[in-house]
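Following: one structure in C-alpha cells, then a few remarks.
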Amino acid sequence: MPFSNAERPLYEVKANLFKGLAHPFRIRILELLSAADEVSVAALQRETGLEASHLSQHLTVLRRHRLVTSERRASHVYYRLSNRGVADLLAVARALLLDLLDEDTGLLADAAALPAIPGGSGSAR
C-alpha cells in the first residue's frame, strides 16, 4: 500500500537521515564524536586517516543531515553530535549488526573488535 501525501515528507526525512549515515567513514566519524563531548577537525583527521578535503566533504554531509554541529574557536573547528540520540542509534545499529553476523564468526570477531560507543543506551556488546 503506497503511503499518503501527508506521510511522504516524514519518510523522506527518515530516508535522508540514513543517507547521511550511508558511508563507512561517516559512521566512524560519528563513533569518534560519540566518545567525546567534542572533537577537533585535526583529531578527526588523525583518527580517520582521511585527507582534509575528504574529511571536510563527509563533515558537510553530516552537517547537512543535522547529525553534527560545529563551532569555530580561533583557527580550530570542533564538532559534536547534534543530539545524543545519534550515539544511541549507532549503538542499536551495532547490536543489530552483531545479531545479524552471529553465524559468521569471522565477521563477528571483526565487528566485536570495534571500539566501544560511549553513551549508547542499547546493548552494543
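Values below: all heavy atoms of this structure, side chains included; hydrogens, waters and symmetry mates excluded.
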Problem set entry | Set of residues satisfying side chain to side chain donor-acceptor pair (under 3.5 Å) with respect to Thr60, sequence neighbours excluded | Arg63
Exercise. Side chain to side chain contact (heavy atoms under 4.5 Å, CB included) with Ile27: which residues, sequence neighbours excluded?
Worked result: Leu21, Glu31, Leu90
Exercise. For residues 18-75, which residue pairs qualify under ring pair (Phe, Tyr, Trp, His ring centres under 6.0 Å), counting only residues two or more places apart or in two chains?
Worked result: His23-Phe25, His23-His58
Seminar exercise, completed: In short, salt bridge (charged side-chain N to carboxylate O under 4.0 Å, His left out) pairs touching residues 18-27 with sequence neighbours left out are none
Problem set entry | Contacts of type side chain to side chain contact (heavy atoms under 4.5 Å, CB included), residue Ala42, not counting sequence neighbours | Ser40
For this session: Please lay out, stage by stage, how Leu32 and Thr48 fare under the test side chain to side chain contact (heavy atoms under 4.5 Å, CB included).
Result: CA-CA 9 Å; Leu32 290 167; Thr48 61; 3.9 Å; yes
For this session: Please tell me if the side chains of Ile117 and Leu30 come closer than 4.5 Å, counting only heavy atoms from C-beta onward.
Result: no
Exercise. Yes or no on side chain to side chain contact (heavy atoms under 4.5 Å, CB included) for Leu55 and Ile29, after CA distance, side-chain angles and deciding distance?
Worked result: CA-CA 9 Å; Leu55 177 59; Ile29 291 165; 3.6 Å; yes
For this session: Kindly determine whether Leu67 and Val61 satisfy side chain to side chain contact (heavy atoms under 4.5 Å, CB included), including the steps that lead there.
Result: CA-CA 9 Å; Leu67 294 166; Val61 171; over 6 Å; no
Problem set entry | side chain to side chain contact (heavy atoms under 4.5 Å, CB included) partners of Val77, counting only residues at least two apart | Val41, Ser70, Arg72, Tyr79
For this session: Can you sort out the partners of Glu71 under salt bridge (Lys or Arg N to Asp or Glu O under 4.0 Å), two or more places apart, ordered by chain and number?
Result: Arg73, Arg80
For this session: Would you check if Leu62 and Leu33 make a side-chain contact, meaning some heavy-atom pair closer than 4.5 Å?
Result: no
Exercise. Do you reckon Leu59 sits in the same ILVMFWY cluster as Val39, going by side-chain contacts under 4.5 Å, direct or chained?
Worked result: yes
For this session: Kindly give the heavy-atom pair with the smallest separation between Gln45 and Ala52, and that separation in Å.
Result: NE2-N, 3.2 Å
